Amino acid sequence: MAKLPIIVAPDPRLKKIAKPVERVDARIRQLMDDMLETMYDAPGIGLAAPQVGVLERVIVVDCAGKDEEPQPYRMANPEIVWVSDDDASYEEGCLSLPEHYAEVVRPAAVKIRYLDRENEIRELDADGLLATCVQHEIDHLNGKLFIDHLSPIRRQMITSKMKKLKRERARG
Ligand code: K1U
Ligand code: ZN
């Protein structure tokens with residue numbers, strides 16, 4: 001297992017559409033495992049491959065509470081095949097937008113179809129934080145960040161602060 005560097009916005013790699021995985025082979029399994037290690041270390045509850053510079057449709061998620069058993073999901077080519085009529089609003093964060101949070105409205109429940117670590121097709125019915133997190137990660141595969149759900153003014157404010165943070169980090 002290896003910890004991977006997480007890309008911080010703004011970065012052109014976070015705006016690209018990721019390519020489907022042909023099959024979940026040893027390379028993709030290793031990527032999934034490395035992404036989980038990176039996510040737990042961050043710490044976070046989800047991570048998408050473009051955030052570690054890999055433009056392939058792979059995400060990992062674990063929304064178990066800190067006193068619960070871990071519940072890791074490794075997903076390749078995740079697709080939303082059903083969304084609920086009702087919406088839910090959650091305060092979202094993003095490991096590529098450190099220290100920024102905002103309420104985002106999304107469908108409250110979704111059904112996801114994906115390939116698991118063994119290349120088997122699976123379906124997941126998700127609601128609550130898990131539904132929000134999986135939708136946030138699938139957005140990453142489509143080059144979208146949570147700030148793209150906000151007003152242009154709010155998005156521009158966060159983007160400007162991120163540019164400043166990156167300049168400061170580069171100066172050391
Ligand atoms: O995709 C990412 O950048 C990860 C992101 C996922 C996410 C969080 C909240 C709502 C939707 C999606 C994060 O994990 S940010 C960190 C975070 O939320 C967290 C960190 C430690 C404990 C609990 C939550
Ligand atoms: Zn994110």
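As the structure lists them, so they are numbered: ligands from 1, and atoms in each ligand from 1. Please read these numbers as outputs of a predicted model, since none were measured by experiment. Atoms considered below: every heavy atom in the structure, side chains included; atoms not considered: hydrogens, waters and symmetry mates.
Note on the Zn ion (ligand 2): protein N/O/S atoms under 2.8 Å are C94 SG, H136 NE2, H140 NE2.
With contacts defined as side-chain heavy-atom distances shorter than 4.5 Å, the pair P70/Y40 qualifies. Looking at L14 and I7, their side chains come closer than 4.5 Å, going by heavy atoms from C-beta outward. Counting heavy atoms from C-beta outward, I112 and M75 have side chains that approach closer than 4.5 Å.
The local environment of CG in D86 is crowded, with over 12 non-hydrogen atoms from other residues, nucleotides or ligands closer than 6.0 Å.
Looking at D62, T38, V58 one by one, the single match for side-chain contact (heavy atoms from CB on, under 4.5 Å) with L47 turns out to be T38.
Ring pair Y73/Y114 is perpendicular by interplanar angle, where above 60° counts as perpendicular and below 30° as parallel.
In this structure, D139 pairs ionically with R106, as a charged nitrogen and a carboxylate oxygen lie closer than 4.0 Å. A salt bridge is defined here as a Lys NZ or Arg NE, NH1 or NH2 lying under 4.0 Å from an Asp or Glu carboxylate O, and R13 with D11 meets this definition. A salt bridge does not link K19 with E56: every distance from a Lys NZ or Arg NE/NH1/NH2 to an Asp or Glu carboxylate oxygen is 4.0 Å or more.
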Short N or O separations between ligand 1 and the protein, below 3.5 Å:
unit_1: ligand 1; atom_1: 1 (O); unit_2: Q51; atom_2: OE1; d: 3.3
unit_1: ligand 1; atom_1: 1 (O); unit_2: H136; atom_2: NE2; d: 3.2
unit_1: ligand 1; atom_1: 1 (O); unit_2: E137; atom_2: OE1; d: 3.0
unit_1: ligand 1; atom_1: 1 (O); unit_2: E137; atom_2: OE2; d: 2.6
unit_1: ligand 1; atom_1: 1 (O); unit_2: H140; atom_2: NE2; d: 3.4
unit_1: ligand 1; atom_1: 3 (O); unit_2: Q51; atom_2: NE2; d: 2.9
unit_1: ligand 1; atom_1: 3 (O); unit_2: L95; atom_2: N; d: 2.7
unit_1: ligand 1; atom_1: 14 (O); unit_2: I45; atom_2: N; d: 2.8

